[in-house]
S.K.: 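Below is the structure I would like to discuss, written out as structure tokens.
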2 protein chains.
Amino acid sequence: MNEQEYLAKYDKNAYLSPLVTVDGVLFTYHEETLKVLIVERANYPNKGMWGLPGGFIDETQDKTLEHAILRKLKEKTGIIPPYIEQLCTIGNDSRDKRGWSVTVCYTALIAYQACQHNIDSVESAKWVTIDEIENMPLAFDHNELYRQARERLKQKSLYSIVPGFALPDVFTLTELQRVHEVLIGKTLQKKSFRRRLEQADLLIDTGEKRQETGRPANLYRLKPESADYRFIRNLEF
Amino acid sequence: MNEQEYLAKYDKNAYLSPLVTVDGVLFTYHEETLKVLIVERANYPNKGMWGLPGGFIDETQDKTLEHAILRKLKEKTGIIPPYIEQLCTIGNDSRDKRGWSVTVCYTALIAYQACQHNIDSVESAKWVTIDEIENMPLAFDHNELYRQARERLKQKSLYSIVPGFALPDVFTLTELQRVHEVLIGKTLQKKSFRRRLEQADLLIDTGEKRQETGRPANLYRLKPESADYRFIRNLEF
DNA sequence: CTAATAGTGTCTCTCAGACACTATCCG
DNA sequence: CGGATAGTGTCTGAGAGACACTATTAG
């Protein structure tokens, strides 16, 4: 038998295969706090419970795992998040009562303003603050997935400006610093923070200014390549 | 219908599910070079080609994904590697001709001496240097998996002593530095390297010494917690 | 003017890089 | 002694932390 014959005869469904899902921990920043998107489960198991957005791969629709999670997130938010990153994969025989199950989990960031209208119109989806989610039982092992995403994002805020993707397209340096401070859980030195940004040349100066109270603040935009930039020296934890 | 009834009726195999495999990029260090374990494929597809060790989840045998890859690696090396870490998961409709396929890939490290006997006795497994593997077509997308593992390990050698797990239980500081140098691809300052190690308190001084030529070198052992330690400042790339 | 927030100047301290030095073994 | 490798002393420079300072708006 050659490979062609083997493939022609091969019946994928003749073998046991674990359930495969994708899940996403989608963060945003609004009103001085981090928020995470959760959805109410419409079906068993854990029907009625809240959990992370996600679901089964649709082999006919999804070309890749990332397409699958982006499709799921778009269903809830109306848009594709500007930052997404694979977090981890959990697979075992006990996380889903239906059987051996594997979930590929992603961390994503989005601006609150960019999707608030859509989320308000989706009955079963809402933002909760990270304080709320930490005291809330989620479906399956989604509390653990959230915890890992939260921890990774905290680490990232020490050596990258990835958290900036939770802000609107255009933002002030003070806003960017505040997101980092909330993630790290301590205040940062304004000077250190700005020195790093300036040297790394990660932002586009829009030339515009915004004023609320006090001196108007310069507005910046993230360079697309900022998503991958890593400072060689961490901020202190 | 309640959840119990739903679960009783649920037939996992009634739904399409991607193929799920685990793969491992197992590194070791021997004769001043990094090596990777590859195995010859016994079955279609890609029969006869070399690829990374791995394979399907065995739902009856494996409780978790990590158990699955450790089982696969133990089959080839005879032992459980002292360091293993999830690398990434690739899933799409084109990587495996049999259908939509997901692989969860791990990076692992092992001492050459600890498993050489077993590998020599396994017909279809062998070590190849990283120079060799980079010019070798591997099955599926295993070249890409290797590349990602190699890149991550290089990064890790800038801010951790994870590469030390590719050495025997007991080693000299010069040996440890050499592994890092090979991974990073440039020589390091002896003083900087040792200063970091000393401050972080990651090693156990065995009190023993080993001499080849010249002054005898002190022998050290890795503390188990060294696997998770991260320096706050990177070595320069 | 004051209040408020944005943004800068500058000192200290830690730690990586560089490199010369000393130490301990062999023959 | 010299050759080889292990290990240290010490200076420089980059960059984070700290914090006081100036700048620009509103009222």
Side-chain angles (χ1 to χ4, degrees), chain A residues 32 155-161 164 167 170-181 183-203 205-221 229-237, chain B residues 32 154-161 164 167 170-181 183-221 229-237:
Chain A
E32 299 279 303
Q155 291 307 316
K156 286 229 160 184
S157 63
L158 297 173
Y159 61 76
S160 81
I161 54 165
L167 291 175
V170 144
F171 51 84
T172 69
L173 295 185
T174 304
E175 286 169 344
L176 182 56
Q177 184 175 336
R178 285 297 298 139
V179 184
H180 282 253
E181 287 174 341
L183 272 166
I184 298 170
K186 73 165 212 179
T187 59
L188 297 172
Q189 289 292 329
K190 189 161 54 167
K191 185 66 183 183
S192 302
F193 191 74
R194 288 168 186 234
R195 200 169 27 209
R196 284 155 68 89
L197 289 175
E198 187 162 16
Q199 268 207 236
D201 189 31
L202 296 171
L203 304 179
D205 184 343
T206 64
E208 312 276 295
K209 292 190 187 296
R210 172 199 300 159
Q211 191 190 351
E212 268 146 26
T213 160
R215 175 173 172 177
N218 215 327
L219 291 170
Y220 295 88
R221 204 183 295 279
Y229 186 84
R230 302 292 172 263
F231 294 98
I232 59 156
R233 196 161 155 184
N234 281 17
L235 293 172
E236 279 177 12
F237 181 16
Chain B
E32 298 279 303
K154 182 178 193 165
Q155 291 307 317
K156 286 228 162 186
S157 64
L158 297 173
Y159 61 76
S160 81
I161 54 165
L167 291 175
V170 145
F171 52 84
T172 68
L173 295 185
T174 303
E175 286 168 345
L176 182 56
Q177 183 175 338
R178 285 296 298 139
V179 185
H180 282 253
E181 287 174 342
L183 272 165
I184 298 170
K186 72 165 213 177
T187 59
L188 298 172
Q189 288 293 328
K190 188 160 56 166
K191 185 66 183 183
S192 303
F193 191 74
R194 288 168 187 233
R195 199 170 27 209
R196 285 156 68 89
L197 289 174
E198 186 162 16
Q199 270 207 234
D201 189 31
L202 295 171
L203 303 179
I204 300 160
D205 184 342
T206 64
E208 313 277 296
K209 293 190 188 295
R210 171 201 301 160
Q211 192 190 351
E212 267 144 29
T213 159
R215 176 173 170 175
N218 215 327
L219 290 170
Y220 295 88
R221 203 182 297 278
Y229 185 84
R230 301 292 172 263
F231 294 97
I232 58 157
R233 200 162 153 183
N234 280 19
L235 293 173
E236 279 176 13
F237 181 17

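Residue numbers start from 1 in every chain, and the chains themselves are labelled A, B, ... in the order their sequence lines are given, proteins ahead of strands.
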S.K.: Distance from A:D205 atom CG to A:N218 atom CG, nearest 0.5 Å?
M.R.: 4.0 Å
S.K.: Find the distance between CG (A:N234) and CZ (B:F231) and round it off to the nearest 0.5 Å.
M.R.: 12.5 Å
S.K.: Measure CD/B:Q211 against P/D:dG7 and give the value in whole Å, please.
M.R.: 12 Å
S.K.: Can you check whether any acceptor in the base of D:dG7 is under 3.5 Å from a donor in the side chain of B:K191, or vice versa?
M.R.: no
S.K.: Got a donor-acceptor pair under 3.5 Å from the side chain of B:R233 to the base of C:dC15?
M.R.: yes
S.K.: How many whole angstroms separate atom CD of B:E198 from atom C1' of D:dA6?
M.R.: 14 Å
S.K.: I want to check one thing: is the phosphate of D:dA16, taken as OP1 and OP2, less than 4.0 Å away from some side-chain N or O of A:Q189?
M.R.: no
S.K.: So what does B:T174 hit on the nucleic acid, given a heavy-atom distance under 4.0 Å: a base, only sugar-phosphate, or nothing?
M.R.: sugar-phosphate
S.K.: Can you work out whether B:S192 or A:E175 has the more 5'-proximal nearest nucleotide on DNA chain C?
M.R.: A:E175
S.K.: Calculate the interatomic distance between B:K209 atom NZ and D:dT5 atom P; express it in whole Å.
M.R.: 17 Å
S.K.: Would you say the side chain of B:R195 and the base of D:dG9 hold a donor-acceptor pair, judged only by whether the two atoms sit under 3.5 Å apart?
M.R.: no
S.K.: So what does B:T213 touch, heavy atoms closer than 4.0 Å: a base, only the sugar-phosphate, or nothing?
M.R.: sugar-phosphate
S.K.: Under 4.0 Å between any heavy atoms, over every strand shown, what does B:R196 touch: base, sugar-phosphate, or nothing? Just pick one.
M.R.: sugar-phosphate
S.K.: Can you check the A:Q199 CD to D:dG13 C1' distance for me, whole Å?
M.R.: 13 Å
S.K.: A:R210 has an atom CZ; how far is it from atom C1' of C:dG7, in whole Å?
M.R.: 16 Å
S.K.: Please give, in whole Å, the distance from C:dA6 C1' to A:E212 CD?
M.R.: 12 Å
S.K.: At less than 3.5 Å, do the side-chain atoms of B:R215 and the base atoms of C:dA23 form a donor-acceptor pair?
M.R.: yes
S.K.: What's the NZ-C1' distance between B:K190 and C:dA23, to the nearest Å?
M.R.: 11 Å
S.K.: For A:L235, answer base if it contacts any base atom (sugar-phosphate contacts may also be present), sugar-phosphate if it contacts only those atoms, and nothing otherwise; contact means non-hydrogen atoms under 4.0 Å.
M.R.: sugar-phosphate
S.K.: Between A:R195 and A:E198, is there a salt bridge with N-O shorter than 4.0 Å?
M.R.: no
S.K.: To the nearest Å, give me how far apart CG (A:N234) and P (C:dA16) are.
M.R.: 12 Å
S.K.: With DNA chain C as reference, determine whether A:R194 or B:K186 sits nearer its 5' end, using the nearest nucleotide of each.
M.R.: A:R194
S.K.: Quick one: pull up CG in B:L203 and CG in B:L176 and give me the separation to the nearest 0.5 Å.
M.R.: 6.5 Å
S.K.: For B:L235 and B:I184, which heavy atoms make the closest approach, and how far apart are they?
M.R.: CD1-CD1, 4.4 Å
